[in-house]
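Below is one structure; the comments refer to it alone.
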Amino acid sequence: MTVRTRFAPSPTGYLHIGGVRTALFCWLLAQRHGGKFVLRIDDTDDARNRAEAVRPILDGFRWLGMNWDEGPTDSADGTSFGPHQPYFQGQRNPIYEAAAMKLLAEGKAYPDYTTSAEQEAAREHAKLARKPYVHRGTNRDVPADENVKLYAAKKAPLLLKVEPGLKVSFVDAVKGKHETNTDTIRDPMLLRGPDENGLCRAVYNFATVVDDIAFGITHVVRAIEHLENTPTQILMYQALGATLPIFGHVPQVYYIGKKMSKRDTPALSADEIAKFKACGWTEEEIKGRDDLNIIAVAYYKEIGYLPEAIINYLCRLGWSLDAETEFMTVETLKQNFTLDRVTDAPGNYDAKKLFWIQGEHMKLVPTAEKVERCIPFLQRAKLIGDTLDSDTRLTLTKIIEASGDRIKLFSDILAFATPILKQEIDRDPKATEKAFKDPAAKLLLTEFAEVLKSAKSFDAASLDKLTHEFVASKGLKLNALQLPLRVAITGTGMGFGLFDTLAILGKDVSLQRLATVLN
RNA sequence: GGCCCCGUCGUCUAGAGGCCUAGGACAAUACCCUUUCAAGGUAUGGACCGGGGUUCGAAUCCCCGCGGGGUCACCA
């Protein structure tokens with residue numbers, strides 16, 4: 001039997017990082033067994049802004065490379081692909097109704113004419129008695145054919161009849177054995193009472209079960225908050241005569257000890273805002289994006305993370321391969337992921353560790369690919385044009401090579417490329433002051449400019465030798481020249497190798513920039 | 001409140017009765033390397049929620065506390 005897993009996001013307008021972690025486990029499980037990963041949109045509400053709410057979610061999965069075998073099309077307009085269409089719950093209500101009618105006819109479900117006031121009172125009563133309220137509806141014991149007639153005449157919530165005194169047990173693939181007595185399970189609602197248009201919409205629990213059966217889902221992997229729903233859902237599977245899938249409930253992702261939520265997650269820091277601005281974003285553009293937040297996948301894409309780093313980190317949060325492996329490629333994950341090594345306790349999101357993992361993955365990206373992936377960031381910042389001439393490409397390649405491990409995020413390219421590529425260099429006042437507060441610095445630079453002028457070769461190695469000889473002849477260390485020179489030719493006190501910088505700039509530009517400082 | 005789940009360094013985790021004077025990683029700190037910044041190297045500090053059992057022996061099993069979370073909807 002092929003493994004079929006599914007992830008069912010609600011259309012919220014952004015892809016939640018915690019949701020991705022759960023989806024990742026589903027996806028990895030399917031990949032591991034050569035199975036299928038299904039995406040279903042749980043949009044039982046009105047789907048007016050569907051595209052707007054669904055597209056960011058699909059985009060997020062596509063960017064991460066977590067492709068789905070069946071589900072909504074990329075258009076996000078409500079169309080689907082795959083053998084069990086449609087994959088939008090909002091379009092599947094007739095299917096839920098048909099399943100419910102079957103249960104009604106079989107006497108497994110019944111209409112409940114209890115008024116909300118009555119229910120309210122019963123609930124209140126139970127609360128005072130410090131007992132759980134287990135709802136059982138009015139027409140439980142009415143014969144099936146009569147209930148069918150009654151229901152046709154007067155719609156009401158349709159409830160599943162739960163047989164009391166039984167045990168529902170299952171073995172959760174991550175939590176282990178779980179057992180519940182049916183005496184504590186209320187008769188669950190299948191279909192709601194009619195809305196203003198007379199439509200009886202399925203309730204989440206029922207829609208999920210009907211869909212999971214229809215889609216042939218073999219492994220239901222979802223967040224732990226659904227653990228308590230499971231016995232109820234098992235009863236529905238049984239009533240529907242379906243075989244049970246394997247359930248696996250995974251713990252949540254926390255942020256500083258609390259469930260990760262948009263509200264409790266910090267806004268962009270000043271540094272991050274500066275970074276986005278350097279990348280060509282305007283204040284309005286930044287403010288207009290409420291998904292530029294560590295909780296949303298879009299943030300990581302926009303600031304230049306690698307999808308494989310996100311996947312590695314997220315998977316590692318709540319799962320381990322062994323006692324020490326931290327760095328894992330997606331391929332390794334696909335080959336080794338198992339539900340039984342998912343942790344029991346919730347895990348806290350740690351931005352620093354993610355950043356470290358990102359750096360590790362970045363080390364493996366070949367220069368040519370880095371160039372390609374940095375280009376969009378440079379273009380957005382208008383540092384390079386829409387088309388790239390071969391000279392610029394070559395310079396860019398040199399910059400990226402010289403930057404080495406310093407480029408952690410693709411957006412970091414701006415910090416290294418701007419001082420080289422921008423004609424009018426931005427001078428950091430603090431660095432400038434520090435570099436030239438000793439008047440001897442300018443004199444030294446003036447002499448060094450003459451040395452540079454007569455340099456025969458202008459490659460990094462020659463410049464290294466030449467410069468060291470120069471400072472040695474002065475009885476100085478390189479440090480005496482390093483900062484003034486760097487600030488003079490780049491405007492900043494930080495950057496990659498000094499000699500690489502000179503070499504990439506070339507003799508003319510280097511001398512020219514030196515001259516502007518010295519005059 | 002009932003029911004359910006969870007509790008190992010600051011954080012992510014390893015740990016299925018002796019391999020545990022509890023291992024790894026991130027973070028922190030110090031030093032080394034060095035051309036600033038990274039990267040790299042070395043080192044240091046840092047945890048079994050508490051209390052009782054069971055056992056020759058418990059982070060691991062049992063009980064009781066404590067703490068955190070989930071769930072009890074015509075939300076998903």
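Labels below follow one simple rule: chain letters A, B, ... track the order of the sequence lines, proteins then strands, and each chain is numbered from 1. All heavy atoms count here, side chains included; hydrogens, waters and symmetry mates do not.
Between Asn479(A) atom CG and C33(B) atom P there is a gap of 13 Å when expressed in whole angstrom units. We find that CG of Asp344(A) is positioned 20 Å from P of C48(B), with the value rounded to whole Å. Atom CZ of Arg406(A) is separated from atom P of A38(B) by 10 Å (rounded to the nearest Å). For Lys177(A) and A16(B), the NZ to P distance is 22 Å, given to the nearest whole Å. If you measure from atom CG of Asp183(A) to atom P of G2(B), you get 18 Å, rounded to the nearest angstrom. The distance from atom CG of Leu128(A) to atom C1' of G2(B) is 14 Å, rounded to the nearest whole Å. His135(A) has its NE2 atom 19 Å from the C1' atom of C3(B), to the nearest Å.
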Using distance only, find each side-chain donor-acceptor pair of residues 471-484 of chain A under 3.5 Å and give its atom names and separation, not counting sequence neighbours.
unit_1, atom_1, unit_2, atom_2, d
Ser473(A), OG, Phe470(A), O, 2.6
Lys474(A), NZ, Glu447(A), OE1, 2.5
Lys474(A), NZ, Glu447(A), OE2, 3.4
Gln482(A), OE1, Arg486(A), NE, 2.8
Gln482(A), OE1, Arg486(A), NH2, 3.4

Exercise answer: donor-acceptor pairs, residues 92-99 of chain A side-chain atoms, under 3.5 Å, sequence neighbours excluded:
unit_1, atom_1, unit_2, atom_2, d
Arg92(A), NE, Asp211(A), OD1, 2.6
Arg92(A), NH1, His84(A), O, 3.3
Arg92(A), NH1, Pro86(A), O, 2.8
Arg92(A), NH2, Asp211(A), OD1, 3.2
Asn93(A), OD1, Ala202(A), N, 2.9
Asn93(A), ND2, Cys200(A), O, 3.0
Tyr96(A), OH, Asp211(A), OD1, 3.2
Tyr96(A), OH, Asp211(A), OD2, 2.6

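Pairing for A39(B) is absent, with no Watson-Crick or G-U wobble pair whose two atom distances lie under 3.5 Å. For G18(B), the paired nucleotide is C56(B), the pair qualifying as Watson-Crick or G-U wobble because both relevant distances are below 3.5 Å. Base pairing of A25(B) is made with U11(B), judged by Watson-Crick or G-U wobble geometry with both donor-acceptor distances under 3.5 Å. In a base pair of the Watson-Crick type (N1 to N3 plus N6-O4 or O6-N4) or a G-U wobble (N1-O2 and O6-N3), with each distance short of 3.5 Å, G1(B) is matched with C72(B).
Note: Tyr87(A) and Phe215(A) have tilted aromatic rings, judged against thresholds of 30 and 60 degrees for the angle between ring planes. Aromatic ring pairs are classed by plane angle as parallel below 30°, tilted from 30° to 60° and perpendicular above 60°; the pair Trp68(A) and Phe61(A) is perpendicular. Ring planes of His249(A) and Phe247(A): parallel class, angle under 30° (limits at 30 and 60°). In this pair, Tyr305(A) and Phe355(A) present their aromatic rings perpendicular. The plane angle is above 60°, beyond the 30 to 60° band.
When every heavy atom of Lys108(A) is checked against every heavy atom of Ala239(A), the shortest pair comes out as NZ-O, 2.9 Å.
Checked against Phe496(A) for a side-chain contact (heavy atoms from CB on, under 4.5 Å), the options Thr490(A), Ile407(A), Ile420(A), Asp405(A) give a single hit: Ile420(A).
Taking every heavy atom of residues 347-359 of chain A and every atom of RNA chain B, pairs under 4.0 Å involve Gly347(A), Asn348(A), Asp350(A), Lys352(A), Lys353(A), Trp356(A), by number. Within residues 480-505 of chain A, the residues having any heavy atom closer than 4.0 Å to RNA chain B are, in order of number, Gln482(A), Arg486(A), Gly493(A), Met494(A), Gly495(A), Phe496(A), Gly497(A), Leu498(A), Phe499(A).
Within the nucleic acid shown, Thr343(A) comes within 4.0 Å of sugar-phosphate atoms alone, with no base atom in reach, counting heavy atoms only. The residue Thr184(A) sits apart from the nucleic acid: no heavy atom pair falls under 4.0 Å. Nucleic acid contact class of Arg222(A) (heavy atoms, under 4.0 Å, all strands): none. In this structure, Lys477(A) reaches neither bases nor backbone, as no heavy-atom distance under 4.0 Å exists between it and the strands shown.
Across G23(B), A25(B), A76(B), the shortest atom-to-atom separation from the side chain of Arg201(A) is found for A76(B). Each of A38(B), A76(B), U35(B) was ranked by its minimum atom distance to the side chain of Lys408(A); first place goes to A38(B).
Taking for each of Gln89(A) and Glu326(A) the nucleotide of RNA chain B with the nearest heavy atom, the 5'-most of the two is the partner of Glu326(A). Between Ala345(A) and Glu360(A), the residue anchored nearer the 5' end of RNA chain B, judged by the nucleotide with its closest heavy atom, is Ala345(A).
A donor and an acceptor atom, one from each side chain of Asp350(A) and Tyr313(A), are nowhere located under 3.5 Å apart.
The ring of His219(A) has its center no closer than 6.0 angstrom to the ring center of Phe25(A).
Every residue two or more places apart in sequence or in another chain was checked for a ring-ring contact (aromatic ring centres under 6.0 Å, His included) with Phe206(A), and none qualifies.
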Exercise. Produce a footprint string for nucleotides 59-74 of chain B: one letter per nucleotide, 5' end first; B if the base is under 4.0 Å from any protein heavy atom, S if only the sugar-phosphate is, - if neither.
Key: ----------SBS-SB
